[in-house]
Amino acid sequence: MSVVERIEELKLEALSALAEAGTTKDLESVRVKYLGRSADLTEIKKSIRDLPQDERKAVGGSSNRATKEIEAALAERLAEVAVAEREEKLRAEAVDVTLPGAPYPKGSLHPSLRVIDEVVDFFVGLGYRVAEGPEVETDYYNFTALNIPPGHPARGMQDTFFLDDGLVLRTHTSPVQVRTMLSQEPPVYIVCPGRTYRRDSDPTHTPMFNQIEGLAVDKGLTLGDLKGTLAAMARHIFGEDVKVRLRPSYFQFVEPGVELDVSCFICGGSDPNCKVCKGAGWIEMLGAGMVDPAVLSEAGYDPEEYTGFAFGMGPDRMAMVRYGIPDLRLFFEGDLRFLQQF
Ligand code: PHE
């Protein structure tokens, strides 16, 4: 085989290798093999000067043409492969923005919190302010300032958790009314949601439970204002059709004291077997009354000038009634199967 034929053969080999190479890396190997420093074609070029004069021109010319042709084919293939590689990369890294997102585990509001939110929203809508106080209370705020002096038998009804140094876990949210009156001048319109504690545990009592206290002190407030305010609240929480009634009751810090019943919002009093009102037609809702003048005086307000009403309700109980939950203890066990129903 003549040198020129050999060059032709190498060129065809190189061109077909280029056609087959599918990646930039493969093309580079082909380049090294056919155009590199120790490639056969390179060797031939180096040996041209040793050839007889008459062959030099032919071999020189054909090796140069072969080199150019291979280089041109290489450049063309490199461009093609680069495009293909870019497309492949884009495809591999593509993000499908139409795929649905990973779902978030979503919680729900505790039934008590729903009622608390609704009650607080209602009073805030009337212009009441939200007030809070400590859950570890002094004996003074929890009892004495509320007209329950040391040794008074009314203290025994509260099933108090006593702590050291005259401290107690507050048995109701009423101490917040005293704290608020001591810290500001009348008029006062506050609503105080919070946790309260009593030594009690059965299907309708838990050692910790929620209360919402309300207090209004102003000039000329009457029992009529109390009833109207609470009736509006009951309609807001239980529906436009509910009626309310007051029954006489007793709490140390109010005079007169009342309990407020709401007409049964399930049966309206028409079903003797109603699970919610047990056929009574009425549901006990909350304790309330006109603030005892002794409590106003203790807080530095003049009972000749100001009157006020207070009320305290149990949002947990209200949620039990509203959602038909038979056991209050379920509220605080943290069982997801229970909580997920709301
Ligand atoms: N603090 C009382 C209780 O826990 C409820 C109440 C509040 C009654 C305000 C009257 C006025 O039982």
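Indexing begins at 1, ligand by ligand and atom by atom, following the structure's order. Starting from 1, each residue takes its place in the sequence as its number.
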Does ligand 1 have any N/O pairs with the protein under 3.5 Å, and how far apart?
| from | atom 1 | to | atom 2 | distance (Å) |
| --- | --- | --- | --- | --- |
| ligand 1 | 1 (N) | His172 | ND1 | 3.1 |
| ligand 1 | 1 (N) | Ser174 | OG | 2.8 |
| ligand 1 | 4 (O) | Arg198 | NH2 | 3.0 |
| ligand 1 | 4 (O) | Gln211 | NE2 | 2.7 |

Correct closest heavy-atom pair for Ile48 and Ser63 would be CD1-OG, 4.0 Å

Counterpart residues, side chain to side chain donor-acceptor pair (under 3.5 Å), relative to Glu76 (two or more places apart): none

Residue from Arg170, His172, Glu135 passing side-chain hydrogen bond (donor to acceptor under 3.5 Å, both in side chains) with Tyr197: Glu135

Applying side chain to side chain donor-acceptor pair (under 3.5 Å), can you list everything that pairs with Arg179, at least two apart in sequence or on another chain? Glu137

Of all residues at least two apart in sequence or in a different chain, which pass the salt bridge (charged side-chain N to carboxylate O under 4.0 Å, His left out) check with Glu9? Arg6

Does the side chain of Glu85 come under 3.5 Å of the side chain of Thr24 through a donor N or O and an acceptor N or O? yes

